[in-house]
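Below is one structure, written out as structure tokens, with a few remarks after it.
Since the structure is predicted, the reported quantities are computational estimates derived from the model, not experimental observations. Atom set for the values below is all heavy atoms of this structure, side chains included, hydrogens, waters and symmetry mates excluded.
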Amino acid sequence: MYIGWNMKTNLITIAPETSIFKAREMMDSHKISHLPVTDGKAHLLGIVTDRDLRQAWASPATTLSVHELTYVLQKLTVANIMTRKVITATPDMTIERAARILRENKIGALPILKSERLVGMITASDLMEVFITALGLGEDTRRFSILVRDRIGIVAEVGNRMQEAEISIRSIIIIPLRGHEGVWQLMVRVNLEDFEKAVAALRA
């Protein structure tokens, strides 16, 4: 699964000379936390986040009066506070790689570039939605876990049992059982109406 399949392409962008007041207004009206800064031709110059704006508001607050603070903030533009060294991705990057980059760098979004032009963006919230969908989560499904020894063919064996019982697997995740070397959890999700039937088939 690739970023290009799930990225947002209808982006709200901002110019570097835009005031931080206008940036705040745009974030609030569109209910977003990241604004890519471009030159108007899809070339990425930087990015402004909700945190950047909050820090700009707070930084002089302890030494200035309200009138002075308002005056200073009116002079600030996006170019004064934006992050210029932006971590980016490409449409062919995998979803799991993007998730790892966000986690390791403690950031909330990745602008997506193609041929050095901004073509989309994906956020941590977008990735969470992708993973939830991939896991098959929903009110019409239910999950059960099987503890198995690490051996070749175990997933196929479970799949064969489900096929014989005419049960469709909505998702399956395989992770090691912490503290038990060589033991894995197979977390299988099936349609709610097939749950009892699936458990019975595996027990048999």
Side-chain angles (χ1 to χ4, degrees), residues 1-138 173 175:
M1 190 179 297
Y2 301 100
I3 289 179
W5 301 353
N6 299 278
M7 67 184 182
K8 287 185 172 69
T9 56
N10 187 22
L11 300 182
I12 307 298
T13 62
I14 198 166
E17 62 271 17
T18 306
S19 72
I20 64 171
F21 280 99
K22 179 61 176 178
R24 176 78 278 168
E25 180 184 305
M26 292 174 67
M27 283 192 187
D28 290 343
S29 63
H30 293 285
K31 296 180 180 180
I32 55 178
S33 300
H34 304 81
L35 279 171
V37 183
T38 68
D39 64 354
K41 299 179 181 180
H43 292 116
L44 185 67
L45 304 177
I47 190 168
V48 173
T49 68
D50 177 70
R51 181 171 59 183
D52 294 330
L53 292 178
R54 285 188 277 108
Q55 288 177 341
W57 249 263
S59 57
T62 57
T63 58
L64 300 179
S65 67
V66 173
H67 176 74
E68 290 171 327
L69 177 61
T70 302
Y71 177 79
V72 170
L73 292 178
Q74 286 176 339
K75 298 297 183 181
L76 280 180
T77 66
V78 167
N80 297 125
I81 65 169
M82 70 182 184
T83 298
R84 297 176 183 273
K85 293 183 179 180
V86 185
I87 300 173
T88 62
T90 56
D92 58 355
M93 179 182 287
T94 63
I95 288 293
E96 57 268 30
R97 175 61 180 160
R100 185 168 185 174
I101 290 174
L102 291 179
R103 179 177 179 273
E104 290 179 346
N105 293 280
K106 297 180 180 180
I107 55 178
L110 280 173
I112 315 301
L113 303 183
K114 184 177 182 180
S115 300
E116 299 185 354
R117 291 180 179 271
L118 182 68
V119 294
M121 190 160 70
I122 195 159
T123 67
S125 296
D126 296 330
L127 290 177
M128 182 61 69
E129 185 176 342
V130 170
F131 288 133
I132 287 174
T133 301
L135 293 175
L137 298 182
I173 306 173
I175 59 175

Is any side-chain heavy atom of [Y] closer than 4.5 Å to one of [X]?
| X | Y | answer |
| --- | --- | --- |
| Leu118 | His43 | no |
| Leu45 | Arg84 | no |
| Ile3 | Ile112 | yes |
| Asn6 | Ile95 | yes |
| Thr49 | Ile107 | no |

Main-chain N/O of Lys41 paired to Arg117 side chain as donor or acceptor, under 3.5 Å = yes
Any donor-acceptor N/O pair, Thr83 side chain to Val86 backbone, under 3.5 Å = no
Minimum heavy-atom distance between [X] and [Y], given as atom pair plus value:
| X | Y | answer |
| --- | --- | --- |
| Pro91 | Tyr2 | O-CB, 3.6 Å |
| Thr38 | Pro16 | O-CD, 3.4 Å |
| Met7 | Val119 | CE-O, 3.8 Å |
| Val37 | Ala15 | CG1-C, 4.0 Å |
| Arg51 | Lys106 | NH2-O, 4.3 Å |
| Val78 | Ile20 | N-CG2, 4.2 Å |

To the nearest 0.5 Å, how far apart are [atom1] in [X] and [atom2] in [Y]?
| X | Y | atom1 | atom2 | value |
| --- | --- | --- | --- | --- |
| Ser33 | Asp52 | OG | CG | 11.0 Å |
| Met121 | Leu35 | CE | CG | 7.5 Å |
| Glu96 | Phe131 | CD | CZ | 6.5 Å |
| Glu104 | Arg100 | CD | CZ | 4.5 Å |
| Leu127 | Ile101 | CG | CD1 | 10.0 Å |
| Met128 | Asp126 | CE | CG | 11.0 Å |

Check the pair Thr77, Thr18 against side-chain contact (heavy atoms from CB on, under 4.5 Å), reporting the backbone distance first and the verdict last.
-> CA-CA 5 Å; Thr77 66; Thr18 306; over 6 Å; no
Is Lys114 salt-bridged to Asp92, cutoff N-O under 4.0 Å?
-> no
Could you give me the CA-CA distance, side-chain angles and deciding distance for Val48 and His34, then say whether side-chain contact (heavy atoms from CB on, under 4.5 Å) is met?
-> CA-CA 6 Å; Val48 173; His34 304 81; over 6 Å; no
Would one find more than 12 heavy atoms of other residues, nucleotides or ligands at under 6.0 Å from atom CD of Glu129?
-> no
Taking atom CD of Glu116 as the centre, report whether more than 12 heavy atoms of other residues, nucleotides or ligands fall under 6.0 Å from it.
-> no
Residue that, paired with Ile14, satisfies side chain to side chain contact (heavy atoms under 4.5 Å, CB included) out of Met82, Met26, Met27 | Met26
Only one of Leu110, Ile122, Ile87, Thr123 clears side chain to side chain contact (heavy atoms under 4.5 Å, CB included) with Leu102; which?
-> Leu110
